[in-house]
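Throughout, a chain's letter reflects where its sequence line sits, starting with A, and its residues are numbered from 1. All values reported here derive from a predicted model rather than from experimental measurement.
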Protein chains: 2
Amino acid sequence: MARSEDGGDKKPLERLGVREIAKRVGVAPMTVSRVLSNPDMVAPATRAKVLEAIEAAGFVPNRLASSMKGNGRIIGTVVPPLINSGIAEQVQGMSDECQQGGYSMLLVQGEFTTEAEESSIRTLLGWRPAGMILQSFVQSEVARQLLVSSGAPVVEISEIKGRQPIDMVVGVSNFETAYAMTMHLAAKGYKRIGFVSTPIHGNDRLQQRRTGYHAALTELGIENHASLEVEVPITAAGGAEALVTLTERHADIDAIFFSSDTLAIGAVQECHRRAWAIPGRIGIAGYGDMDLAAQLYPPLTTVKVNRYEMGRRAVRQLLDRLGGKQKLATITSLGFEIVDRESA
Amino acid sequence: MARSEDGGDKKPLERLGVREIAKRVGVAPMTVSRVLSNPDMVAPATRAKVLEAIEAAGFVPNRLASSMKGNGRIIGTVVPPLINSGIAEQVQGMSDECQQGGYSMLLVQGEFTTEAEESSIRTLLGWRPAGMILQSFVQSEVARQLLVSSGAPVVEISEIKGRQPIDMVVGVSNFETAYAMTMHLAAKGYKRIGFVSTPIHGNDRLQQRRTGYHAALTELGIENHASLEVEVPITAAGGAEALVTLTERHADIDAIFFSSDTLAIGAVQECHRRAWAIPGRIGIAGYGDMDLAAQLYPPLTTVKVNRYEMGRRAVRQLLDRLGGKQKLATITSLGFEIVDRESA
DNA sequence: CTGTTAGCGCGTTCAA
DNA sequence: TTGAACGCGCTAACAG
């Protein structure tokens, strides 16, 4: 299949290096290196010849080696499970921005236990990344130390206030979003508003959302029952289950605020099954404004946060820092929007 | 913030190497290296001292350097956009298996133009990955050459038959799945079955699905109109739009087979809006069996393929090959299932 | 504009 | 069981 008589010798990629290319062209290895990273420093004629040889040989420069000389081009990131979580959009944002900046993205996906987090971070740091992006605040103290002493810039995509960040933070005020949505529901006349989230432990974003919900209830003078809250897995079934649980506990519950659109959408399906009118029988609100939210029947009232942009901005911060930009914001707060549709 | 008086000097990670650790313990660098990769070759007492020093110094071995010595531990992969596509589950499968095997995953996400593909592959190859996983067949001939000469094992997650694979293939027969679903719909009494997909060009999986749909229609002796097919973007809105287009074109259309659950779910919402009974007015079938499919109202009839497992298996193949396993299957075909629920 | 020298941090090789 | 020397492929720094 592979052609063998087409000009340049095609040694396997393994054995091919700047040295070899240099030899073929009759220049020094350094010249080849320059063609790769600072083309302008090389005379056009020489450059052309080198480029040609590279092309003919099918040479792909070894980035491991160049990274060892200090210009690493890896961004490391550890993210929670991608399914149903809206994280996929964020990852896409990160990926796009990385590519544009000439960086590659090393992705570790895992659950958020302290040990798993620590081990993931350790692994990533082994690759001497130019920068790191983490979700939520880093819990493990050891991991924090490691990150600090690695010297790499770090962005936590997280709640923008609370604990001391390691370095930079990009995110929204989850407190504000949840507070705003709860107030919004109250303003629409709902009296008894439930709150459903995925497991909160160790996730400061969810903690802040719950706190925002509490703050709003308190301010409204609404009784603040723990029994108005449930935690369920991040699946449509979880949302349906939560709806059932809460309405059985409180016959008079008239709206539920879900910490994720996935959950809210599941609950809406359950309402259809029971032929409950939305919002007549109960109002449903979500969080995230995923693609389906606007198309849902009935359209979902939700909190819109631009996750794609969050991912992009996180990488941007890193690259700006690496580019030596001064006066870089420590905290980047993205806005949000209460999208008022028909479900509540 | 960072403690400075806690025992071992904490030089920045940059300056820390086996050499430095060795000096502190009073052994040769090689001994430290062995503790890291072949602990059994080192006397327990020595090992303990080294480990302690590593811990105290917060030393994280540089994987770039070890990769350069031939034992690279990177799996490179390029995937289509993660949102709405079911690819997220696959990525999760890949990630889990990589971690378990001690590999890191370098992820490039991009659209599937030939140039983008080539450039992504080139970038990835620069990191001298131990293995590569690609979606669909690789189109660019240059990229194929590059992959072959890189010497790395390659898995294409794709249609399992058709073009000559570069190396190994993992996937399902998309032809079979679509054929089976179309036959299934026919068996349930549907006479005029539409087909909706996301843009087919350059995606052999979608091509095969369409071909399977065609084959079934032909076998059933059903007239095979191109006007029964539409392509739309992979969004819920796209699904809704397709429903409208097809039903306007053919008043007698009685079922639509969508090449993705996302599309089908969008169409179901549109039916609700129009108060069309499902499956009374029209039957809807999807593809993928995403989490929401079973919870949807009405529950979605769909093709179930285990995307998580596909991702896992792809990495498994790579690792088995790297582990020197003989008699490795070139083609790994995962099964599928027609999940008959109420929407059709 | 181009070449030379030196060395990044590790592991392979061979010797002790 | 441990150590010394060498080199992987690339590039910073300095000459020329």
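- Contact check on B/Lys49 versus B/Glu52 returns no salt bridge, with no Lys/Arg side-chain nitrogen under 4.0 Å from an Asp/Glu carboxylate oxygen.
- When the local axes at the two ends of the helix from C/dC1-D/dG16 to C/dA16-D/dT1 are compared, using 5 base pairs at each end, they differ in direction by 30° after rounding to 10°.
- Here A/Ile166 contributes atom CD1 and A/Gln145 contributes atom CD; the two are 9.5 Å apart, rounded to the nearest 0.5 Å.
- In this structure, the nucleotide among C/dG3, D/dT1, D/dC10 sitting nearest to the side chain of A/Arg34 is C/dG3.
- One cannot find a donor-acceptor pair under 3.5 Å joining the base of C/dG9 and the side-chain atoms of A/Arg128.
- Going from atom CE of B/Met68 over to atom C1' of C/dG7 covers 12 Å, rounded to whole Å.
- At C/dT2, one or more side-chain N or O atoms of A/Thr46 fall inside 4.0 Å of OP1 or OP2 (strictly under the cut-off).
- With salt bridges taken as basic N to acidic carboxylate O contacts below 4.0 Å, one links B/Asp167 and B/Arg321.
- Using a 4.0 Å cut-off between charged nitrogen and carboxylate oxygen, A/Arg205 and A/Glu159 do not count as a salt-bridge pair.
- An OP1 or OP2 oxygen of C/dG3 is reached within less than 4.0 angstrom by a side-chain nitrogen or oxygen of A/Thr31.
- Within 4.0 Å (heavy atoms only), A/Pro61 reaches sugar-phosphate atoms of the nucleic acid but no base atom.
- The shortest distance between side-chain heavy atoms of A/Arg144 and A/Ile121 does not fall below 4.5 Å.
- We find that CE of B/Met41 is positioned 12 Å from P of C/dG11, with the value rounded to whole Å.
- When the C1' atom of D/dT11 is taken as reference, atom CZ of A/Arg73 falls 13 Å away, rounded to whole Å.
- The side chain of A/Ala28 sits closest to C/dT4 out of C/dT4, D/dT2, D/dA4.
- Between B/Arg63 and A/Asp40, it is A/Asp40 whose nearest contact on DNA chain C lies nearer the 5' terminus.
- Contact check, B/Ser33 against C/dG11: a side-chain N or O comes under 4.0 Å of OP1 or OP2.
- Distance B/Arg19 CZ to C/dC10 P: 8 Å, rounded to the nearest Å.
- Between B/Tyr103 atom OH and B/Leu322 atom CG the span is 4.5 Å, to the nearest 0.5 Å.
- Going from atom CD of B/Gln135 over to atom CG of B/Asp204 covers 10.5 Å, rounded to the nearest 0.5 Å.
- Nucleotide C/dG11 holds its P atom 9 Å from the CG atom of B/Asn62, rounded to whole Å.
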